[in-house]
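Both ligands and their constituent atoms are indexed starting at 1 by order of listing. Just so it is clear, the model here is predicted, and its values are computed rather than measured.
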Amino acid sequence: MKALVKKEAKTGLWLEDVKEPKPLDHEVLIKVKNASICGTDVHIYQWDDWAKKTVPVPLTIGHEFMGEVVEVGAYVNRIKVGDRVSVEGHIACNSCRNCLRGKKHLCVSTIGVGVHRNGGFADFVAVPEDNIFILDDSVDDELGSILDPLGNAVHTALSFDLVGEDVWIVGAGPIGMMACAIASRVGARNVIISDLNEYRLDLALQLGATQAINAKSQKIKDAMKKGKIQIGFDVVLEMSGSKAALRSIFKNTMLGGKVALLGIPKEEIAIDWNDIIFRGIEIKGIYGREMFETWYKMLSLIQSGLDVKKVITHRFHKDEYEKAFEVMISGRCGKIVLNWD
Ligand code: NAD
Ligand code: ZN
């Protein structure tokens, strides 16, 4: 079968012929239909420091995908051949304290599909039954391939009550853009997004932001004034990982406000903790998606009208993966879907 492989410990990815996986007793085999490129895949493509210390070589990459189940292992009973499915890419150990108390997203020994073990940028991929999410008709084949990042957005955005609140979303990457749609859908008053990329700011407005500001040339205080926000934001969703952004957040959060941190900084960042202490700010770190509460919420939101399809801006055939990664790296895009047929 064909798979997109990190074949060598250097920059690049290779579309190779590899052996088809055989599902273990507790696994299912999926014929992949659509896959979507994540920032993580770009790190692996570029072979940065994080990738070097995390990813074993050779490895088939890809953790955002959907497809059809074509084979099930002997102990599988919930999933059937023919099911249309998407996959939770974090495989939990099911035996640590957090797994046993129902917090599998905080498993102490999570394994990442397409990061630590072979992933879904392939004709076929084997995944534990526990990680399968069955798709219904409300989720089309393209949307089905971006549920992992949509889940990040849902997990972060629903961490705090947004009804009638003033929300600042920092970073208009695909996840920030989708968070705009969610915040707007659940009834936030202001949904103000900031980024440095005009292409993405425009798209964020189409997804439901009430204002989109360029952090390089516009002031957040001006956006607040326009949105009738007097003191600070009730809720901030950090989705950029930027040092400058992280430092400015706490100075613009309401006393008693809440901050959810999803963005992954590249370095240690010094923060003036006085801003947090004296304002009584609540901070929550976000990792992955809650298994499977986030997935149920996500499906319910879609079924009740949440529309994030505009975040998909490009479609390529798997053979054009080099072009797809080029566009992804340029930043002039939302989500990019690879058609794996
Ligand atoms: P992305 O890299 O596509 O988007 C980040 C955006 O932040 C970019 O558009 C960039 O221009 C913008 N940005 C940079 N500096 C900024 C600044 N000073 N102010 C405002 N915006 C700025 O990433 P994504 O795929 O949308 O993911 C968002 C973040 O979440 C990334 O940091 C990613 O690594 C992280 N992430 C975390 C988890 C988790 O489980 N915690 C999961 C997935 C992604
Ligand atoms: Zn565990």
Asn339-Lys318 side chain donor-acceptor pair, cut-off 3.5 Å: no
Trace of the side-chain hydrogen bond (donor to acceptor under 3.5 Å, both in side chains) decision for Gln303 with Asp136: CA-CA 10 Å; Gln303 288 169 342; Asp136 75 358; 2.6 Å; yes
Contact (N/O only, under 3.5 Å) between [X] and ligand 1:
{"X": "Ile175", "value": "yes"}
{"X": "Leu262", "value": "yes"}
{"X": "Gly39", "value": "no"}
{"X": "Asp195", "value": "yes"}
{"X": "Ala244", "value": "no"}

Shell of protein N/O/S atoms around the Zn ion (ligand 2), taken as anything under 2.8 Å: Cys93 SG, Cys96 SG, Cys99 SG, Cys107 SG
Considering only the protein, which heavy-atom contact is closest to atom 28 (C) of ligand 1, and what is its distance?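 The protein heavy atom lying closest is Met239 O, 3.2 Å.
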Please determine whether a side-chain nitrogen of the Lys or Arg among Glu238 and Lys258 lies less than 4.0 Å from a carboxylate oxygen of the Asp or Glu. no
Lys2/Asp123 ion pair, N-O < 4.0 Å: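 No salt bridge links Lys2 with Asp123.
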What is the minimum heavy-atom distance between Trp295 and Asp148, and which atoms define it?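 Closest approach of Trp295 to Asp148: CH2-N, 4.5 Å.
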Any protein heavy atom < 4.0 Å from atom 2 (O) of ligand 1: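 Under the 4.0 Å cut-off, atom 2 (O) of ligand 1 has no protein heavy-atom neighbours at all.
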Would you say atom 23 (O) of ligand 1 touches the protein, meaning some protein heavy atom is under 4.0 Å from it?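 Answer no: nothing from the protein, no heavy atom, is under 4.0 Å.
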Atom indices of ligand 1 within 4.0 angstrom of [X] heavy atoms, with elements:
{"X": "Ile286", "answer": "39 (C), 40 (O), 41 (N)"}
{"X": "Ser240", "answer": "7 (O), 13 (N), 21 (N), 22 (C), 32 (O)"}
{"X": "Gly173", "answer": "3 (O), 4 (O), 6 (C), 9 (O), 26 (O)"}

Under 30°, 30 to 60°, or over 60°: which ring-plane class applies to His105 and His155, parallel, tilted or perpendicular? perpendicular
